[in-house]
Amino acid sequence: MVICQHTLFTINTHSLIFSHLSQSNTNKTQRRSKFIMSTTGQIIRCKAAVCWEAGKPLVMEEVEVAPPQKHEVRIKILFTSLCHTDVYFWEAKGQTPLFPRIFGHEAGGIVESVGEGVTDLQPGDHVLPIFTGECGDCPHCHSEESNMCDLLRINTERGGMIHDGESRFSINGKPIYHFLGTSTFSEYTVVHSGQVAKINPEAPLDKVCIVSCGLSTGLGATLNVAKPKKGQSVAIFGLGAVGLAAAEGARIAGAGRIIGVDLNPKRFEEAKKFGVTEFVNPKEHDKPVQQVIAEMTNGGVDRSVECTGSIQAMIQAFECVHDGWGVAVLVGVPSKDDAFKTHPMNLLNERTLKGTFFGNYKPKTDIPGVVEKYMNKELELEKFITHTVPFSEINKAFDYMLKGESIRCIITMGA
């Protein structure tokens, strides 16, 4: 429910939005305009899942969401999903805790209103909010090789908006902190326009919402950075959501062999759906994994993608690629005190080591194209979605992930 201040009426936006999505384009525009006129510039009161304390269940609260300011967009979130990064910062292990906070950064929704200076988005657009951004003006945005925007690069410690440092969320006048500039565990959120990707309005938001983080990170690591050629061999270290997305990228690229490496044998059967053809469990061997893989592949794989954050796995992923042409790509985030150690001859023998951030995708420029891969049936998303829960049961999504039972759990807002 949305209650607009200074008005005397209440709107059930869930039923309104879903009903107008089923109408013709003309009716969509008309109904959308009526809805927008009633809320633009107003404070919106809506439900949000608030984390008050590290590791404690989220609490469903009524929050006030302020109108978007300069270069900001207010979005009606229709579907969101839980990523391991949300869980990591919810647990607040090894970080500076920042609470109360609204987590969430994988989502799909509809633009409700835009702030001053926003020209590339308008109310009614179907969008994916992204945890990193593309300002369009910095050297990184001007580079064809980088997606690490100076202004909107991921910042896990920022609790307010870039424009003024203030939060757009509050309860009884007290601020509730943002997370990654997205905070999608709320029926409405405010995001910098540079962190919003406009997508095909025909794309089902309950599927493509997962494109906005983990899936693109793994997919792009393979397709954009490792770039395996058809028929080549690829080793994927870690078969969580990001690793499976990397495997999906290898499948799309036409890899001849996709070798999955994981300590959890329960993941192997599921990984077959993503094109993984062979499996290595390091615990089952009395020799280094890189040696096992080298023996399996006559000297090493052509490409490897590391998706665990384990420094040991990173070294193994690099040392298992073939000399002369092998390329290893690091995706996982290591602990701050970790050090990558390998003999210089591994580099001199023409192995290549690369790192990547968000799969080297520029959020606004490239993510709409990933959605189109799905629409063109080149990319399969349904197999990543293992669970669905209503927003009121969002804590179940945390339980599924903590138990290792889910790849992605879709949270249906308004349900």
Open item on the list: Suppose we screen for ring pair (Phe, Tyr, Trp, His ring centres under 6.0 Å). Which residues come up paired with H71, at least two apart in sequence or across chains?
Closed with: none
TODO: Quick one: do V87 and L402 satisfy side chain to side chain contact (heavy atoms under 4.5 Å, CB included)? Show the steps, please.
DONE: CA-CA 8 Å; V87 175; L402 290 170; 3.8 Å; yes
- [ ] Could you walk me through whether E106 and S212 pass side chain to side chain contact (heavy atoms under 4.5 Å, CB included), step by step?
- [x] CA-CA 5 Å; E106 285 189 353; S212 58; 3.7 Å; yes
- [ ] Report yes if the side chains of L205 and H126 come closer than 4.5 Å at any heavy-atom pair, otherwise no.
- [x] yes
- [ ] Compute whether any side-chain donor of one residue and acceptor of the other, for E134 and Y361, lie under 3.5 angstrom apart.
- [x] no
Open item on the list: Measuring only between side-chain heavy atoms, which start at C-beta, is C46 closer than 4.5 Å to S186?
Closed with: yes
- [ ] Taking ring pair (Phe, Tyr, Trp, His ring centres under 6.0 Å) as the test, write out the residues that go with W52, two or more places apart.
- [x] none
TODO: Taking the side chain as every heavy atom from C-beta outward, state whether M413 and T80 have any pair of such atoms under 4.5 Å apart.
DONE: yes
TODO: Test side-chain hydrogen bond (donor to acceptor under 3.5 Å, both in side chains) on Y374 and E382 and set out the steps.
DONE: CA-CA 10 Å; Y374 170 73; E382 286 82 359; 2.6 Å; yes
Identify all side-chain donor-acceptor contacts of residues 310-319 below 3.5 Å with residues at least two apart in sequence or on another chain.
from, atom 1, to, atom 2, distance (Å)
S310, OG, Q312, N, 3.3
S310, OG, A313, N, 3.2
E319, OE1, Q290, NE2, 2.8
E319, OE2, T342, OG1, 2.7

Open item on the list: Less than 4.5 Å apart, side chain to side chain, heavy atoms only: is that true for N224 and D366?
Closed with: no
Open item on the list: Please confirm whether the ring centroid of F179 lies under 6.0 Å from the ring centroid of F103.
Closed with: yes
Open item on the list: As a test of understanding, state which of V65, T189, I77, I44 forms a side chain to side chain contact (heavy atoms under 4.5 Å, CB included) with E112.
Closed with: I44
Task: Any side-chain heavy-atom pair of L78 and K76 under 4.5 Å - done: yes
Task: Nearest atoms (heavy-atom pairs only) where G104 meets T182 - done: O-OG1, 2.9 Å
Open item on the list: Taking atom CD as the centre, does E378 end up with more than 12 heavy-atom neighbours from other residues, nucleotides or ligands that are less than 6.0 angstrom away?
Closed with: yes
Open item on the list: Assess the residue pair V389 and C409 against the criterion (side chain to side chain contact (heavy atoms under 4.5 Å, CB included)); give the C-alpha distance rounded to whole Å, side-chain angles, the decisive distance to 0.1 Å, and a yes or no.
Closed with: CA-CA 7 Å; V389 299; C409 178; 3.9 Å; yes
TODO: List the steps and the verdict of side chain to side chain contact (heavy atoms under 4.5 Å, CB included) for H178 and R168.
DONE: CA-CA 8 Å; H178 293 249; R168 302 291 176 259; 3.8 Å; yes
TODO: Mark yes or no for whether E278, through its side chain, and V276, through its backbone, hold a donor-acceptor pair below 3.5 Å.
DONE: no
- [ ] Look up atom OG1 in T308 and atom CG in L330, then write down how far apart they are to the nearest 0.5 Å.
- [x] 9.5 Å
Open item on the list: Treating K56 as the side-chain partner and C51 as the backbone partner, does any N or O pair qualify as donor plus acceptor under 3.5 Å?
Closed with: no
Open item on the list: Would you compute the distance between atom NE2 of H84 and atom CD of E91 and round it to the nearest 0.5 angstrom?
Closed with: 6.5 Å
Task: Donor-acceptor contact present, side-chain N360 to main-chain V225, <3.5 Å - done: no
Task: Residue pair H140 / S146, side-chain donor-acceptor N/O under 3.5 Å - done: yes
- [ ] Give, for atom CG of N147 and atom CZ of R153, the distance between the pair rounded to the nearest 0.5 Å.
- [x] 9.0 Å
TODO: Say whether, by atom type as modelled, one donor and one acceptor occur between the side chain of S216 and the main chain of V211 under 3.5 angstrom.
DONE: yes
Task: For the student: nearest non-hydrogen atoms of V118 and S193, plus distance - done: CG2-CB, 3.9 Å
Task: Member of K47, R45, K174 meeting the salt bridge (Lys or Arg N to Asp or Glu O under 4.0 Å) criterion with E64 - done: R45
Open item on the list: Nearest 0.5 angstrom please: E393 CD to F398 CZ, how far?
Closed with: 14.5 Å
Open item on the list: Please determine whether salt bridge (Lys or Arg N to Asp or Glu O under 4.0 Å) holds for the pair K266 and D262, giving the CA-CA distance in whole Å, both sets of side-chain angles, and the decisive distance to 0.1 Å.
Closed with: CA-CA 9 Å; K266 293 181 180 179; D262 203 291; over 6 Å; no
Task: Side-chain heavy-atom pair L98, F89 within 4.5 angstrom cut-off - done: no
Open item on the list: Using every non-hydrogen atom in the two residues, find where A253 and L223 come nearest and quote the distance to one decimal.
Closed with: CB-CD2, 4.1 Å
Open item on the list: Tell me if a side-chain donor or acceptor on D125 pairs with a main-chain N or O of V127 at a distance below 3.5 Å.
Closed with: no
TODO: Please indicate whether N172 has more than 12 foreign heavy atoms, meaning atoms of other residues, nucleotides or ligands, lying under 6.0 Å from its CG.
DONE: no
Open item on the list: Tell me which one of V190, I102, V50 satisfies side chain to side chain contact (heavy atoms under 4.5 Å, CB included) with F169.
Closed with: I102
Open item on the list: For A49 versus F391, what's the shortest heavy-atom pair and its separation?
Closed with: N-CZ, 3.6 Å
Task: ring pair (Phe, Tyr, Trp, His ring centres under 6.0 Å) against H192, all qualifying residues, sequence neighbours excluded - done: none
Anything under 3.5 Å between a donor and an acceptor, one on a side chain of residues 233-248, the other on a protein residue two or more places apart or in another chain? List them.
from, atom 1, to, atom 2, distance (Å)
S233, OG, D302, N, 3.1
S233, OG, D302, OD2, 3.1
E248, OE1, R251, NE, 3.1
E248, OE1, K383, NZ, 2.8
E248, OE2, R251, NH2, 2.8
E248, OE2, E380, N, 3.2

Open item on the list: My understanding is that only residues two or more places apart in sequence, or in another chain, count here; which of them pass ring pair (Phe, Tyr, Trp, His ring centres under 6.0 Å) with F274?
Closed with: F384
- [ ] Please report the closest heavy-atom contact between H105 and T184, naming both atoms and the distance.
- [x] N-OG1, 3.2 Å
- [ ] Indicate yes or no: at least one non-hydrogen side-chain atom of L379 is less than 4.5 angstrom from one of L219.
- [x] yes
Task: Contact check, side chains of I210 and I410, non-hydrogen atoms, under 4.5 Å - done: yes
- [ ] Over all heavy atoms of both residues, which pair between A221 and V331 is shortest? Give the atoms and the distance, please.
- [x] CB-CG2, 3.5 Å
Task: Rounded distance (nearest 0.5 Å) linking atom CG of L152 with atom CD of Q195 - done: 5.0 Å
Task: Distance (rounded to the nearest 0.5 Å) between I385 CD1 and S406 OG - done: 11.5 Å
- [ ] Look only at the side chain of T217 and the backbone of C213, and say whether a donor-acceptor pair between them is shorter than 3.5 Å.
- [x] yes
